[in-house]
Amino acid sequence: MSTAPSLPELQRAFTRWVLGDQQVPLPQWVAGNGLASEIRLGIYRNTIFNNLTAALHTAYPAVLKLVGEDFFEGAAARYIREQPSRSGNLQDYGAAFPALLAQMPEAAGLAYLADVARLEWARQEAWLAADADALGPETLAAVPEDRQTALRLQLHPGLRLVASAHPVLAIWEFCQQDKPDHLQLDQAGQRVLLWRDNSQVAMRGITADWYGLLTLLLAGESLAGATQTTLLNASPDFDLGACLRMLFAAGLVTGCRWD
Amino acid sequence: MPVTNQPAFQAKPVPAQAGIGLRSPHYRQVLDEHPPVAWFEVHSENFFCAGGELPRILDSVRRDYPLSLHGVGLSLGTSDRLNEQHLARLKRLIGRVEPALVSEHLCWGAVGERHLNDLLPLPYTEEALELMVTRVQAAQEYLGRGILLENVSTYLTYTHSTIPEWQFLALLAERSGCGVLLDVNNIYVNAVNHGYDPHAYIRAIPAHSVGEMHLAGFTRKQGLPVPLLIDTHSRPVAEDVWALYREALAHCGPVPTLIEWDQDIPAFEVLLAEAAKAETLLHEHRALAA
């Protein structure tokens with residue numbers, strides 16, 4: 001009989017045991033009462049893995065549909081071992097799941113999988129992000145003539161951008177069908193703008209020019225500077241006005257300053 | 001002087017009646033149909049997000065019903081420092097929705113910066129009791145209000161525990177000043193799993209400390225040499241648990257009582273029927289006491 005563990009010792013041993021290190025001397029501190037201690041502890045291990053896997057299911061329904069239950073569970077189990085949950089709120093769990101999918105040799109046949117996952121995490125972030133009041137396009141008229149070049153737009157906290165070499169939005173939409181037809185994978189890559197639109201997350205494909213511009217604006221670049229950079233490589237039909245109208249119409253401009 | 005037609009929001013007290021744990025499959029129905037429920041409880045963490053639809057849903061619910069916030073992720077029993085970020089998010093939520101009750105669990109769920117996101121059993125030792133008392137006091141002070149602590153269902157006991165679970169809970173309430181959220185189903189599950197006397201358990205809890213009760217359904221794990229119940233919250237409340245609830249009411253008096261259902265969540269009407277059962281027993285108790 002070993003001496004009783006301190007609470008920190010017990011909790012650290014418990015954590016290591018449920019994550020797969022069966023060498024830690026945990027079972028000896030658990031009363032069997034007619035069952036092997038390992039069976040009792042195993043109930044906790046199952047619940048912990050199930051809870052975290054369920055959180056990943058919630059965040060990544062399209063990935064689940066693409067790979068099926070068994071594969072998903074295997075990937076989730078690996079993720080749970082490698083990426084500790086850092087929060088007591090399960091909505092925070094799963095940010096690095098796309099990166100794991102990108103590395104998994106078993107997923108190499110689905111080159112688009114990690115990007116679909118990135119799209120889904122962006123959806124989750126957009127869904128939970130802070131609120132912000134939208135500004136109308138008339139705000140731009142208030143900018144003094146000599147401060148135009150300093151104008152910076154603040155975009156909605158729920159705005160997200162995802163770029164992929166694959167048709168991620170088309171794949172995601174394919175996953176929403178009850179009876180999936182067939183998927184055309186040989187389409188061009190897509191850049192997607194996501195935002196929260198009342199009770200749903202809205203998504204639309206955008207051009208490389210819009211993607212470049214919005215990325216710069218999100219990074220805090222001035223509107224003039226971001227436009228100038230975008231124009232260096234923009235296609236001839238790049239339309240700054242159309243992009244700004246869309247942002248205002250969707251309520252995605254939530255602040256502007258020109259100091 | 002500004003005049004407004006909107007009366008200031010007044011937090012409605014949670015009555016000594018049957019309430020329902022509100023989960024996402026029923027949000028829409030509750031907002032649209034406004035069913036007759038005495039009060040609702042939600043999991044605090046589900047509404048930690050900064051914005052969007054979820055906070056708006058909770059705002060509507062709390063305008064129309066008394067509200068209780070029930071936390072599942074604070075990990076009060078961790079041997080590490082308390083997660084201040086989690087507490088801060090809880091405090092912000094409390095400030096926003098002004099719940100009538102706030103509760104958490106007698107358990108741990110995280111250590112070494114790693115959350116296991118489960119309600120894990122503590123050893124019932126002087127060391128753990130001292131830690132829990134300190135933690136509950138710190139949380140109550142930080143939140144600026146009293147909280148209720150719930151007894152959890154467990155599937156193991158530790159060989160070095162020295163205090164019976166019921167005594168641990170009673171001492172925690174007495175020393176920290178917190179209230180008790182007595183989960184009657186968890187008492188029953190633990191009584192079966194560990195050979196406790198559930199009646200003695202209830203009698204050991206100071207009646208005045210109990211501010212709320214929980215009722216839920218369990219499942220039985222098959223194929224084991226000893227009976228083992230799992231607190232799945234996936235079934236109706238068992239007959240034995242209703243009987244125990246009657247005893248708990250006799251001991252504590254009528255308190256707000258919650259029907260919880262978290263897996264295989266049925267139609268809302270099923271929860272209403274379970275709540276009506278609890279209401280009948282609360283009513284019976286009042287008639288007997290009168």
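Order of the sequence lines fixes the chain letters, A, B, ..., with proteins taken first and strands second; residue numbering starts at 1 for each chain. Fair warning: this is a prediction, and the values are worked out from it, not measured in the lab.
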Within the 3.5 Å criterion, strictly below it, is a donor on A:S85 or B:N117 matched to an acceptor on the partner's side chain? yes
Do B:F218 and B:Y188 have their ring centres less than 6.0 Å from each other? yes
Where on B:T78 is there a heavy atom nearer than 4.5 Å to chain A: the side chain, the backbone, both, or neither? both
Donor-acceptor pair between B:H105 and B:E150 side chains, under 3.5 angstrom: yes
Per-residue contact mode, A:P157 against chain B (heavy atom under 4.5 angstrom): neither
Quick one about B:E104 and B:H70 (side-chain donor to acceptor, distance below 3.5 Å, no hydrogens or angles considered), yes or no? no
Please classify the contact between B:L228 and chain A as side chain, backbone, both or neither, with a heavy-atom cut-off of under 4.5 Å. side chain
Whether B:N190 side chain and B:V152 backbone form a donor-acceptor pair below 3.5 Å: yes
Check ion pair B:R56-B:E53 (N to O, under 4.0 angstrom): yes
With a 4.0 Å cut-off on N to O distance, would you call A:D92 and A:R86 a salt bridge? no
Bottom line for B:S75: the part with an atom under 4.5 Å from chain A's heavy atoms is neither
At a heavy-atom separation under 4.5 Å, does A:I43 approach chain B through its side chain, its backbone, both, or neither? side chain
Name the option with the most non-hydrogen atom pairs under 4.5 Å to chain B; the candidates are A:Q11, A:Q200, A:R12, A:R196. A:Q11
Judged by modelled atom types alone, do B:E165 and B:N151 share a side-chain donor-acceptor pair under 3.5 Å? no
Identify which part of A:S6 has an atom lying under 4.5 Å from any heavy atom of chain B, answering side chain, backbone, both or neither. both
By a 4.5 Å heavy-atom criterion (distance strictly below it), what part of B:E127 contacts chain A: side chain, backbone, both, or neither? side chain
Is A:Q83 close to chain B through its backbone or its side chain, or both, or neither, when contacts mean heavy atoms under 4.5 Å? backbone
Sort out for me which of B:A110, B:G112, B:S79 touches chain A most, counting heavy-atom pairs under 4.5 Å. B:S79
Checking side-chain contact (heavy atoms from CB on, under 4.5 Å) for the pair B:Y124/B:L129: CA distance, chi angles, key distance, verdict? CA-CA 7 Å; B:Y124 300 122; B:L129 180 59; over 6 Å; no
Chain B contacts: which residues in residues 245-254 of chain A have a non-hydrogen atom closer than 4.5 Å to it? none
Between B:Q263 and B:S234: side-chain donor-acceptor atoms closer than 3.5 Å: no
Need one label for A:L10: side chain, backbone, both or neither, based on atoms under 4.5 Å from any heavy atom in chain B. side chain
Are B:D264 and B:R235 within salt-bridge range, i.e. N to O under 4.0 Å? no
Going through the checks in order, is the ring pair (Phe, Tyr, Trp, His ring centres under 6.0 Å) test met by A:Y93 and A:Y79? CA-CA 10 Å; A:Y93 191 62; A:Y79 184 73; 5.3 Å; yes
Could you go step by step and tell me if A:F97 and A:Y60 meet the side-chain contact (heavy atoms from CB on, under 4.5 Å) rule? CA-CA 9 Å; A:F97 195 52; A:Y60 296 102; 3.6 Å; yes
Contacting region of B:T154 [heavy-atom separation from chain A under 4.5 Å]: both
B:N83 pairs by side-chain contact (heavy atoms from CB on, under 4.5 Å) with which of B:H115, B:R89, B:E113? B:H115
Choice from B:H86, B:H160, B:E45, B:R114 maximising heavy atom contacts with chain A below 4.5 Å: B:R114
Need one label for B:L156: side chain, backbone, both or neither, based on atoms under 4.5 Å from any heavy atom in chain A. both
Quick check on the structure: residues of residues 62-75 of chain A within a heavy-atom distance below 4.5 Å of chain B, by number. none
For B:S103 and B:I147: C-alpha separation, side-chain torsions, deciding distance, then whether side-chain contact (heavy atoms from CB on, under 4.5 Å) applies. CA-CA 5 Å; B:S103 52; B:I147 61 174; over 6 Å; no
Lys/Arg N to Asp/Glu carboxylate O, A:D115 vs A:R118, below 4.0 Å: yes
Among A:N33, A:I39, A:L128, A:N51, the residue with the most heavy-atom pairs under 4.5 Å to chain B is A:L128
Heavy-atom pairs under 4.5 Å with chain B: which of A:A130, A:S199, A:S87, A:A31 has the most? A:S87
Would A:F14 and B:W108 count as a ring pair (Phe, Tyr, Trp, His ring centres under 6.0 Å) here? Give the steps. CA-CA 11 Å; A:F14 198 109; B:W108 69 283; 5.4 Å; yes
